[in-house]
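Structure first, commentary second.
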Amino acid sequence: MVRSTLLKLSENKWFAHWVTSNQTTRKMSHRFVAGETLDEALAAARVCNQQGMLVSLDYLGENVATAADAQRARDAYLQVFDKISAEKLNANVSCKLTQLGMDISAEFCEGQLLSIVERAAAYGNFLRVDMEGSLYTARTIDVVKRVRTQNPAVGTVIQSYLHRSEQDVNDLLAYGCRIRLCKGAYKEPPEVAFPRKQDVDANYVKLMQILLSSGFYHGIETNDPTMLAAAIRHAAREKISKDDFEFQMLYGVRTDLQRQLVRDGFRLRIYIPYGQDWFPYFMRRLAERPANLAFFVRNFFR
Ligand SMILES: Cc1cc2nc3c(=O)[nH]c(=O)nc-3n(C[C@H](O)[C@H](O)[C@H](O)COP(=O)(O)OP(=O)(O)OC[C@H]3O[C@@H](n4cnc5c(N)ncnc54)[C@H](O)[C@@H]3O)c2cc1C
C-alpha cells in the first residue's frame with residue numbers, strides 16, 4: 001500500500017516540484033544521489049574506486065518529451081565517457097532509453113544509443129541500458145539487441161518480478177548479451193509481475209543461477225543479504241571464479257555489506273546516480289523500503 005502510493009506519487013508533477021524545490025528534501029536526496037553535477041558524481045566514483053569498488057555512473061533523467069532534450073542527454077553521456085577516461089576511473093555508465101527519446105521513436109532512440117555505445121567502445125568501456133516499467137521492456141530489449149549486433153559494448157537489465165523474464169534471459173544470452181539481474185523497482189499489475197515477494201525472490205535465484213552458469217560476465221544486483229548469500233553459494237558450488245561476475249549495489253545503501261563483499265574478494269560495482277532530475281529515482285528508493293521512508297519523514301520534521 002505504502003509502496004504503491006509512493007510509486008504513484010513519483011509520477012505526480014506537483015509533488016515533484018514541491019520536493020525538488022524544497023531545501024530540506026534536496027539535502028536529503030544526497031542520501032541516495034551523489035549530487036546534481038558530474039563533478040560531484042566523479043568525486044563519489046573516485047572514493048569508491050579508492051575503496052576497491054567499481055562504479056556505474058547514471059545521469060538521472062527519464063521520459064524526455066523533445067528530441068532536443070534527448071540529444072542533450074546523449075551529449076551528457078558522451079561527456080561522461082570522456083571524463084571517465086581522462087580521470088582514469090574504473091567506471092562504466094548506465095542510462096535509460098526513455099531519456100534518449102524512446103517516447104519519440106524507437107529508431108531515433110536507437111541512433112542515439114548507438115552513438116553512445118560507439119564512444120564507450122572507443123575507450124574500451126561499456127554502457128548498461130537500465131530496464132524501466134513493463135511498457136518499455138520489449139522495446140528496450142529489441143533496441144539493445146539491434147545495437148549490440150553493431151557494437152557489443154552494450155548490455156541491459158532483467159527484472160525478476162516480471163513473468164516474462166526467463167524467456168528474455170534465454171533470448172539475450174543467445175546474443176551473448178551481458179545482463180544485470182535485479183528484482184525490479186516499478187509498479188506493475190499482477191498479469192505482468194509476481195505480486196508476492198517470495199515469488200520474485202524465487203525467480204531471482206533461478207535467473208541468477210542461469211546467468212552465473214552461462215559463461216558470460218554478468219552483474220548480480222541486490223541489496224538483499226539473502227540473495228547475495230544464494231549467489232555466493234551457487235558460485236562456490238559450481239566453481240565459478242569471483243572474477244567471472246560482479247555484484248552491484250546502490251550508492252548509499254548497506255555500505256557495511258559493500259565493504260564486506262570487497263574484503264571477501266568479490267567484484268562489486270556501485271551504481272552512482274547524479275543530476276538535477278533526481279525526483280523519480282529518489283521516490284523509488286523510498287518506496288522499496290519502509291526504513292528509507294521513516295528516515296525521510298524523521299529528518300524532514302527534525
Ligand atoms: C546497481 C543497481 C541497478 C539497478 N537497476 C535497475 C533497473 O535497471 N531497473 C529496475 O527496475 N530496478 C533497478 N534497480 C533496483 C532494483 O530493482 C531493486 O528495486 C532494489 O535493488 C531493491 O531490491 P533488493 O534486491 O535490494 O531487495 P528487496 O526485496 O527490496 O529487499 C530485501 C532486503 O534487502 C535489504 N535491502 C533492500 N534495500 C535496502 C535498502 N535501501 N537499505 C537497506 N537494506 C536494504 C533489506 O534487508 C531487505 O529486507 C537497480 C538497483 C541497483 C543496486
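One-based numbering, in listed order, for ligands and for the atoms of each.
Within the 4.5 Å cutoff, side-chain heavy atoms of Thr156 are placed close to those of Thr140. The closest side-chain heavy-atom distance from Leu162 to Val192 is below 4.5 Å. For the pair Tyr217 and Arg267, the minimum side-chain heavy-atom distance is below 4.5 Å.
Those atoms of ligand 1 that come under 4.0 Å of a heavy atom in Ala185, given as number and element, are 10 (C), 11 (O), 12 (N), 17 (O), 19 (O). Close contacts of ligand 1 with Val157, meaning ligand atoms under 4.0 Å from a residue heavy atom, involve 7 (C), 8 (O). For ligand 1, the atoms lying closer than 4.0 Å to a non-hydrogen atom of Lys197 are 29 (O), 32 (C). Against a heavy-atom cut-off of under 4.0 Å, Arg254 is close to the following atoms of ligand 1: 43 (C), 44 (N). Less than 4.0 angstrom separates some heavy atom of Gln159 from each of these atoms of ligand 1: 9 (N), 10 (C), 11 (O). Set against the non-hydrogen atoms of Asp130, the atoms of ligand 1 under 4.0 Å away are 8 (O).
In this structure, Lys242 does not pair ionically with Asp244, as no charged nitrogen and carboxylate oxygen lie closer than 4.0 Å. Using a cutoff of 4.0 Å between basic side-chain nitrogens and carboxylate oxygens, Arg180 and Asp130 are scored as salt-bridged. Between Arg72 and Asp75 there is no salt bridge, since no side-chain N of the basic residue sits under 4.0 Å from a carboxylate O of the acidic one.
Considering backbone and side-chain atoms together, Tyr186 places no N or O closer than 3.5 Å to any N or O of ligand 1. Considering backbone and side-chain N/O atoms, Gly184 comes within less than 3.5 Å of an N/O atom of ligand 1. The distance criterion of under 3.5 Å between nitrogen or oxygen atoms is not met by Pro225 with respect to ligand 1. Ligand 1 has an N or O atom lying under 3.5 Å from an N or O atom of Arg180, backbone or side chain. When only interatomic distances are considered, the shortest N/O to N/O separation between Tyr271 and ligand 1 does not fall below 3.5 Å.
In this structure, Tyr274 contributes its side chain and Leu42 its backbone to no donor-acceptor pair below 3.5 Å. Put simply, the side chain of Gln258 never gets that close to the backbone of Tyr251: no donor and acceptor are under 3.5 Å apart.
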Would you list the atom pairs, donor with acceptor, under 3.5 Å between side chains in residues 204-213 and any protein atom, with sequence neighbours excluded?
from: Tyr204; atom 1: OH; to: Glu221; atom 2: O; distance (Å): 2.8
from: Lys206; atom 1: NZ; to: Glu166; atom 2: OE1; distance (Å): 2.8
from: Ser213; atom 1: OG; to: Gln209; atom 2: O; distance (Å): 3.2
from: Ser213; atom 1: OG; to: His234; atom 2: NE2; distance (Å): 2.9

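Contact between Arg269 and ligand 1 is absent, with no heavy atom of the residue lying under 4.0 Å from the ligand. Not a single heavy atom of Met227 sits under 4.0 Å from any atom of ligand 1.
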Verdict with reasoning, Lys197 to Asp199, per salt bridge (charged side-chain N to carboxylate O under 4.0 Å, His left out): CA-CA 5 Å; Lys197 180 172 158 46; Asp199 296 327; over 6 Å; no
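Heavy atoms from both the backbone and the side chain of Asp224 come within less than 4.0 Å of ligand 1.
Relative to atom 28 (P) of ligand 1, the option among Met131, Lys183, Gln248, Arg128 with the closest non-hydrogen atom is Lys183. Atom 51 (C) of ligand 1 has its nearest heavy-atom neighbour, among Glu246, Glu221, Met249, in Glu221.
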